[in-house]
Amino acid sequence: MANCGIGNGEFSFGSSGVGQNGLAKIQTQRKEADVCHDDSAAPVKAQTIDELHSLQKKKSAPTTPLTDTQGAFANNISEIERQKLQLQSISASLASLTRETGPKVVKGDPSRKHEAPKVTHVHHFTPTIAVSDSALKFTHFLYNLSPAELYEQAIKYEKGSFITSTGALATLSGAKTGRSPRDKRVVKDETTEDELWWGKGSPNIEMDEHTFMVNRERAVDYLNSLDKVFVNDQFLNWDPEHRIKVRIISARAYHSLFMHNMCIRPTPEELENFGTPDFTIYNAGQFPCNRYTHYMTTSTSIDLNLARREMVILGTQYAGEMKKGLFSVMHYLMPKRQILSLHSGCNIGKDGDVALFFGLSGTGKTTLSTDHNRYLIGDDEHCWSENGVSNIEGGCYAKCIDLSKEKEPDIWNAIKFGTVLENVVFDEHTREVDHSDKSVTENTRAAYPIEYIPNAKIPCVGPHPKNVILLACDAFGVLPPVSKLSLAQTMYHFISGYTALVAGTEEGVKEPQATFSACFGAAFIMLHPTKYAAMLAEKMQKHGATGWLVNTGWSGGSYGSGNRIKLAYTRRIINAIHSGSLLEANYKKTDVFGLEIPTEIEGVPSEILDPVNTWPDKKAYNDTLLKLAGLFKKNFGGFTNYKIGKDSKLTEEILAAGPIF
Ligand SMILES: Nc1ncnc2c1ncn2[C@@H]1O[C@H](COP(=O)(O)OP(=O)(O)O)[C@@H](O)[C@H]1O
Ligand SMILES: C=C(OP(=O)(O)O)C(=O)O
Ligand SMILES: [Ca+2]
Ligand SMILES: [Mn+2]
C-alpha cells in the first residue's frame with residue numbers, strides 16, 4: 001500500500017528521530033517493521049531542493065535541427081552570432097536618440113538572477129566614460145514569451161491580473177477602457193502632407209516630426225527605466241507576399257500576451273530569421289505625455305510616424321490602440337501595393353463562398369463572422385488583393401458584454417487558458433465571470449488566437465468575396481433588417497459608413513448615437529475615403545460580388561422604445577445571403593432610401609422585413625426616417641466634389657444612390 005494515513009504509521013517534525021529542538025519522535029503503537037513505506041516510485045535524482053528544481057525545466061528544443069553538413073560546432077557559432085544580432089537589434093530599437101547609441105540589453109527576467117541569462121549583454125566598447133546614469137543601467141527584455149510565462153509575469157507583477165474559472169487571464173486596462181481617437185496623431189512631413197487625408201472628417205490629427213521625437217524619447221526613456229520590458233516580434237497579413245514584420249515593445253505582460261494573440265505568431269524558424277522589423281510600437285501607456293509639449297491636449301497621445309515606421313503610445317493602456325494602430329499602418333502600406341485594406345470580418349462556406357462583413361465597432365463583425373457553419377478567416381481586419389482575401393491578424397477581439405453560451409458558443413468557448421479578458425468582473429472566490437456586469441466598462445473584451453475558434457480557416461486566406469455585407473446598427477430603427485444593394489448603393493453606403501456608436505469602445509460615448517464613419521472605419525483610414533471606395537468598386541465589379549445592407553440595430557422604434565433585432569433573426573438573414581437563396585427572393589423598393597427589401601426569408605417573420613410594420617406610430621416612423629435621411633444627405637455633402645474611380649458615370653450613380661425625399 002502506498003498510502004500512509006494518520007494512525008497507520010509515524011509522523012515527526014524533524015528529519016531524524018529527534019527533532020531539532022530535542023522533541024522525541026512521536027511514536028504510535030506500531031513497531032518499526034510494520035512501518036508503511038511509499039515505494040510506489042523511485043526516489044528523485046536530487047540531493048538538494050535546488051537540484052530538484054533544476055530538474056523541473058528543460059531547455060526548449062533547438063528549433064533548427066543540427067544538420068550534418070554544418071555540424072554541431074558550426075551551428076553553435078552561428079547561434080551565438082544570431083543571438084548577438086538579436087541583442088543588437090533590440091538595443092537599437094530601444095536607443096535614446098539624444099544620448100548614447102543604445103541601452104545595454106540583457107535577455108531574461110532580472111528577478112531570476114540565479115538562472116544565468118541566456119546570453120550575456122552587448123558591450124559597447126566605447127573608450128569614453130558614460131555620461132549619463134542611464135548608460136550604466138541594463139535593460140532586461142523578455143522576448144516572445146509563451147502565454148504560460150506571460151501569465152506568471154502578469155500575476156506576479158501586475159495588479160488586477162487573475163485567472164478566471166475557465167483559465168483566461170483577467171486584466172484591467174486602467175483608466176482608459178476604449179480607444180482615444182481624438183488623441184491619435186500622425187506626423188505631417190513632405191511626403192505625408194500630399195499622400196494622406198487631412199482636415200475635416202479625417203482621423204489624422206497632425207503633429208510635426210520634432211514633437212514625435214520628443215514623445216518617442218519620453219517613451220523610450222520610460223521603458224529603459226523599468227526593470228524589464230516585453231518584446232514581441234510578430235507578423236501581420238497571412239498573404240505571404242505582403243507580410244509585414246512588427247515589433248512591439250511594451251511594459252506589461254498583459255500587452256505582450258494581447259499582441260501574442262492578436263498578431264500572427266511566428267514559428268521558431270521564422271523567429272530565428274526575423275531580422276529587422278518593418279514597424280515598431282513603443283507602448284509606454286502607463287506613462288503620460290507631457291502637456292507642455294507642443295500639440296499635446298490631454299495626457300494621452302498615440303503618435304504615428306510613417307517615415308520612421310514607428311508608433312508611440314503614451315497615457316493609455318487600452319490594448320486595442322496597438323491593434324488598431326497597426327491597422328492604420330496597413331491602411332497606408334497596402335493601398336500603395338494596389339491592395340485594399342478592409343475594416344471587415346470574413347468567413348468562407350464549405351463550397352468556398354467568401355463573405356465580407358463591414359461595420360463599425362459593435363455592429364456585429366466578430367459575432368456574425370464567427371459562424372459555426374462556416375470557416376472563420378478573421379473577425380476585423382483584412383486585405384483584398386489580386387490573390388483574394390487575407391486576414392491581417394492572428395487573433396480575434398470579441399466584445400463580451402452580455403455574452404451568452406447559447407447565442408455565441410464559439411466565442412464563449414474561446415475564453416480559456418491563453419485568452420486575455422479585459423475589464424470584466426468576476427466572483428472573487430469561484431472566479432466565474434459575470435458577463436452582464438458593466439462595473440468597469442461596457443466595452444469588456446476577450447482577445448484570443450484565431451485557432452481558439454474550432455472552425456478557423458488556417459492559413460487565414462480565401463478566394464475573392466461573393467458577398468459584401470455592410471452592417472449598420474441603426475439606433476433610429478428605420479433601416480430594414482436586410483436590403484440588396486446595387487453597386488452604386490453599396491458605394492454610397494460604404495462611403496457614408498453609418499451606424500449608431502455603441503457605448504464604450506470609444507472614450508466618452510455613453511449612449512448610442514448616430515455616426516458616419518467613411519469606409520466603416522474612418523478612425524483607421526489614412527488616405528481619402530474615395531481611394532478605398534474606388535478600389536472596392538473595381539474589385540466588386542471585377543469579381544461579381546453582391547452588396548447587402550444589414551441592420552443589426554433597432555426595430556419597432558428607436559433606441560429606448562423599440563428593441564434590438566434578435567441575433568437569431570440576423571443569423572438567418574445572413575444564412576440566406578450565404579446560401580444564395582436571398583438573391584432569388586422577391587423584392588420591393590422602400591421609399592426615401594430606395595432600398596430593395598425581400599418580402600420573405602425562411603425563419604424570419606415577414607412583417608419585420610419592412611420596418612414600417614413594426615412601428616406602432618406610423619407618423620413617428622416617417623418623421624424618424626426623414627430625419628435619418630437628412631443626416632445621410634448632410635454627411636454625404638462632404639463627398640460630392642470627389643470623383644470615384646476613373647469613371648465619372650459611377651460617381652454620378654453613387655450620388656444618385658442616396659435617399660431621395
Ligand atoms: N442582431 C444582432 N446582430 C449582431 N450582433 C448583435 C445583434 N444583437 C445583439 N448583438 C450583439 O452586438 C454585439 C456586436 O459586437 P461585435 O460582433 O463584437 O461587433 P464588431 O466586431 O463589429 O465590433 C455583440 O455583443 C452581439 O452579441
Ligand atoms: C478594437 C476595436 O474593434 P471592434 O470594436 O471593431 O471589434 C475598436 O474599435 O477599438
Ligand atoms: Ca473594429
Ligand atoms: Mn470586432
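Between the side chains of N283 and E321, no donor-acceptor pair is found at a separation under 3.5 Å. Using modelled atom types, one finds no donor on one side chain facing an acceptor on the other under 3.5 Å when comparing D410 with T370. For the residue pair Y569 and S555, no side-chain donor N or O sits within less than 3.5 Å of a side-chain acceptor on the partner. No side-chain N or O of R564 forms a donor-acceptor pair with one of T570 less than 3.5 Å apart. Side-chain contact, N347 with S369: no donor N or O sits under 3.5 Å from an acceptor N or O. Of the N and O atoms on the side chains of N237 and S390, at least one donor lies less than 3.5 Å from an acceptor on the other residue. Residues D303 and N215 bring a donor and an acceptor atom of their side chains to less than 3.5 Å of each other.
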Evaluate I249 against S93 for side chain to side chain contact (heavy atoms under 4.5 Å, CB included), listing each step before the verdict. CA-CA 9 Å; I249 304 176; S93 287; 3.7 Å; yes
Side chain to side chain donor-acceptor pair (under 3.5 Å) assessment of N423 paired with T441: CA-CA 7 Å; N423 301 319; T441 177; 5.8 Å; no
Test ring-ring contact (aromatic ring centres under 6.0 Å, His included) on F327 and H343 and set out the steps. CA-CA 9 Å; F327 190 34; H343 187 209; 5.7 Å; yes
Criterion side chain to side chain contact (heavy atoms under 4.5 Å, CB included) on Y452 and C396, from CA distance to verdict: CA-CA 9 Å; Y452 281 19; C396 304; over 6 Å; no
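By the side-chain contact (heavy atoms from CB on, under 4.5 Å) test, K438 is found to be paired with I401, E442, residues two or more places apart in sequence or in another chain being considered. Evaluation of the side chain to side chain donor-acceptor pair (under 3.5 Å) rule for S404 yields no partner, not counting sequence neighbours.
Side-chain N or O atoms of K324 include none that pairs as donor or acceptor with a backbone N or O of F524 at under 3.5 Å. Side-chain N or O atoms of S517 include none that pairs as donor or acceptor with a backbone N or O of G497 at under 3.5 Å. The backbone N or O of K228 lies less than 3.5 Å from no partner atom in the side chain of D109, so there is not a single donor-acceptor pair. A side-chain donor-acceptor contact under 3.5 Å links K184 to the backbone of A523. Remark: side-chain polar atoms of N391 are paired, donor with acceptor, to backbone N or O of I377 under 3.5 angstrom. Between the side chain of Q286 and the backbone N or O of A251 there is no donor-acceptor pair closer than 3.5 Å. Checking side-chain atoms of N467 against main-chain N and O of H578 turns up no donor-acceptor pair under 3.5 Å. Checked by atom type and distance alone, the side chain of D474 pairs as donor or acceptor with a backbone atom of L479 at under 3.5 Å. Using modelled atom types, no side-chain atom of Y532 and backbone atom of S341 make a donor-acceptor pair closer than 3.5 Å. Using a distance-only test at 3.5 Å, with no hydrogens or angles considered, a donor-acceptor pair links the side chain of R218 to the main chain of P288.
The local environment of OH in Y151 is crowded, with over 12 non-hydrogen atoms from other residues, nucleotides or ligands closer than 6.0 Å. For D351, the CG atom counts as loosely surrounded, since its 6.0 Å shell holds 12 or fewer non-hydrogen atoms of other residues, nucleotides or ligands. Around atom CZ of R431, more than 12 heavy atoms belonging to other residues, nucleotides or ligands sit under 6.0 Å away. Enclosure of atom NZ in K566 is not indicated, since only 12 or fewer non-hydrogen atoms of other residues, nucleotides or ligands lie within 6.0 angstrom.
Atom CD of E393 and atom CD1 of I450 lie 9.0 Å apart (nearest 0.5 Å). We find the CD1-CZ distance between I302 and R185 to be 8.0 Å, quoted to the nearest 0.5 Å. Atom OG1 of residue T298 and atom CZ of residue R182 lie 10.0 Å apart, to the nearest 0.5 angstrom. Annotation: the span from L150 atom CG to N232 atom CG amounts to 7.5 Å, rounded to 0.5 Å. Separating the OG1 atom in T280 from the CE atom in M311 is a distance of 11.5 Å, to the nearest 0.5 Å.
Ion pair D353/R374 flagged as a salt bridge, since at least one NZ, NE, NH1 or NH2 atom sits closer than 4.0 Å to an Asp/Glu carboxylate oxygen. Ion pairing between a basic and an acidic side chain is recognised when a charged N comes within 4.0 Å of a carboxylate O; D233 and R247 show such pairing.
For the pair H242 and C383, the minimum side-chain heavy-atom distance is 4.5 Å or more. S361 is not listed as a side-chain neighbour of N443, based on a closest heavy-atom distance of 4.5 Å or more. Looking at heavy atoms from C-beta onward, L421 lies in side-chain contact with V433 at the 4.5 angstrom threshold. A 4.5 Å side-chain heavy-atom check between S385 and D239 finds at least one atom pair inside the cut-off. Side-chain contact between T139 and I90: absent, with no pair of heavy atoms (C-beta onward) separated by less than 4.5 Å.
None of K399, E408, K407 except one satisfies the side chain to side chain donor-acceptor pair (under 3.5 Å) rule with T367; the exception is E408. When each of R252, H255, Q153 is tested with E158 by the rule side chain to side chain contact (heavy atoms under 4.5 Å, CB included), just one qualifies, namely R252.
Across every non-hydrogen atom of L582 and I573, the tightest pair is CD2-O, 4.3 Å. In terms of heavy atoms, F235 sits closest to R243 at CZ-NH2, 3.4 Å. Residues T171 and S161 come closest through the heavy atom pair CG2-OG, 4.3 Å. Across all their heavy atoms, F426 and A170 have their closest contact at CE2-CB, 3.7 Å. Shown here for H382 and C346, the closest heavy-atom pair between the two residues is NE2-CB, 3.3 Å. Across T430 and S165, no two heavy atoms sit closer than the pair O-CB, 3.4 Å.
Ring geometry for Y397 against Y318 counts as tilted: the plane angle lies between 30° and 60°, on a 0 to 90° scale. The aromatic rings of H464 and W384 lie tilted to each other, with the angle between the two planes from 30° to 60°.
Taking the ring centre of F258 as origin, the terminal cationic atom of K323 falls outside the region bounded by 6.0 Å and 45° from the ring axis. Annotation: cation-pi geometry not satisfied between K365 and F520 (NZ/CZ under 6.0 angstrom from ring centroid, within 45° of ring axis).
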